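Okay, structure first, notes after.
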2 protein chains.
Amino acid sequence: MSRERAYHHGDLRAALVTASFELLAEVGLRRFSVAAVARKLGVSSAAPYRHFPDRAHLLSAVSGTAARDLRSAILAAAEEAGPVAADRLAAVAGAYFRYVVSTGAGLHVIYAAELYTVPDEGRREHTRALMDTVLELAAATDVPSYQQGVALVESIIAVAHGYTSLFAEGFFHRGSSTVDAVAGRAVAAAQALIRAESEPART
Amino acid sequence: MSRERAYHHGDLRAALVTASFELLAEVGLRRFSVAAVARKLGVSSAAPYRHFPDRAHLLSAVSGTAARDLRSAILAAAEEAGPVAADRLAAVAGAYFRYVVSTGAGLHVIYAAELYTVPDEGRREHTRALMDTVLELAAATDVPSYQQGVALVESIIAVAHGYTSLFAEGFFHRGSSTVDAVAGRAVAAAQALIRAESEPART
DNA sequence: GTCTATACCGGGATAGAC
DNA sequence: GTCTATCCCGGTATAGAC
């Protein structure tokens with residue numbers, strides 16, 4: 001960095017959240033640190049603590065923002081998928097995959113265990129809204145009961161998260177798969193799960 | 001610790017690998033450290049470095065052992081599942097889930113990015129054998145081509161890994177799901193993926 | 001082969017100046 | 001509101017004694 005150290009003039013709190021997303025996308029949650037976020041913005045390592053009491057509260061703000069933005073991305077993908085409920089629900093897997101690949105902020109961040117004790121109502125509302133949205137997309141299919149809708153959503157989230165994790169871990173890089181290609185396979189897997197739910201299992 | 005500090009009499013190398021599994025199961029890869037493994041065994045923090053040049057080589061040994069044991073668990077589960085190829089393949093998801101829940105050593109450990117540069121032939125043979133075994137289980141189903149077999153295996157691994165990650169992250173604890181229950185749902189999801197592969201998609 | 005002790009690094013968090 | 005400076009902690013890894 002050749003930039004001179006100077007006061008950050010502007011909304012440092014928002015800038016910290018934005019920079020946190022960039023850092024997560026670059027190095028992942030494992031190597032995320034408040035100090036690195038501060039370095040990224042060219043502010044001192046103490047500055048973030050004026051806006052967040054500790055690391056967990058910064059991550060909580062990131063989690064809430066991620067839940068909100070991910071919900072938007074899912075709604076947009078559902079619209080794009082057309083009128084068929086199964087297609088709209090399957091689109092969740094693709095939207096999730098793309099969002100997490102580009103931001104690094106997946107469910108392991110949004111629902112990180114270290115956040116359970118952080119009483120951030122904003123975050124909790126956004127995460128609730130996110131889950132409600134996905135459950136509504138599932139309810140719009142011909143799934144017979146609420147319980148089965150929950151189980152279906154669970155499996156779709158699992159497969160989307162699985163593809164995302166494997167991709168982040170470098171599992172697909174040897175096969176040189178593109179983001180688009182893997183996103184497509186995640187959607188196809190979700191379609192398969194939805195289809196199986198609506199058809200009798202052969203014994 | 002009331003235990004006296006004393007020499008570790010025995011195979012410390014093997015003990016380090018075993019203790020590493022215990023630590024992974026307790027705190028996960030995120031908080032895994034060589035120092036903690038040494039503490040667990042009551043040896044000095046320097047002792048591990050007599051047997052492994054660095055942290056990555058210790059993890060590489062863990063990775064190889066995990067790949068070998070996981071392959072055994074998968075073969076056993078396939079046997080238990082009976083003669084139907086689809087059931088045998090679906091059993092992979094359950095075996096994977098149970099193995100990772102009890103050991104903490106899943107694909108994120110076995111194929112950890114930090115191991116790519118560690119030239120450990122033992123590990124590489126075990127990981128190859130693991131993948132080969134799963135691909136063979138897929139080939140035994142009526143999957144039409146090798147490529148589709150790879151894609152099917154990929155989706156099964158993704159869903160199994162997804163359930164495992166979500167479980168480890170505490171996603172299911174609010175619903176107080178047991179390990180057995182979630183393992184069953186992972187197998188059911190794998191069955192759905194296999195079934196979809198062998199049936200024409202409705203457009 | 002394991003010990004003690006230590007150098008080094010980096011992150012979390014706080015104190016006090018401006 | 002941000003700075004500099006500092007403390008504490010814990011992990012990685014090495015040196016040298018036993």
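Throughout, a chain's letter reflects where its sequence line sits, starting with A, and its residues are numbered from 1. Not measured: the values here are computed from a predicted model.
Atom CZ in B/Arg50 sits roughly 14 Å away from atom P in D/dA17 (whole-Å rounding). Remark: P of D/dG11 and CG of B/Leu58 are 14 Å apart, rounded to the nearest angstrom. Atom CG of B/Leu16 and atom P of D/dA13 are 14 Å apart (whole Å). The CZ atom of B/Arg30 sits 16 Å away from the P atom of D/dG11 (whole-angstrom rounding).
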Quiz item: How does protein reach along nucleotides 7-12 of chain C, written 5' to 3' as B (base within reach of a heavy atom under 4.0 Å), S (only sugar-phosphate), or - (no contact)?
Solution: ----SS
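A salt bridge is absent between A/Arg68 and A/Glu125: the closest approach of a Lys/Arg side-chain nitrogen to an acidic carboxylate oxygen does not fall below 4.0 angstrom. A salt bridge links A/Lys40 and A/Glu26; the closest N-O separation between the charged side-chain nitrogens and carboxylate oxygens is under 4.0 Å. A salt bridge is absent between A/Glu80 and A/Arg88: the closest approach of a Lys/Arg side-chain nitrogen to an acidic carboxylate oxygen does not fall below 4.0 angstrom. Between A/Asp180 and A/Arg98 there is a salt bridge, with a side-chain nitrogen of the basic residue lying less than 4.0 Å from a carboxylate oxygen of the acidic one.
For an aromatic pair to be called close, the ring centres must be under 6.0 Å apart, and A/Tyr111 with A/Tyr116 fails this.
Rounded to the nearest 0.5 Å, atoms CG (B/Leu166) and OG (A/Ser155) are 10.5 Å apart.
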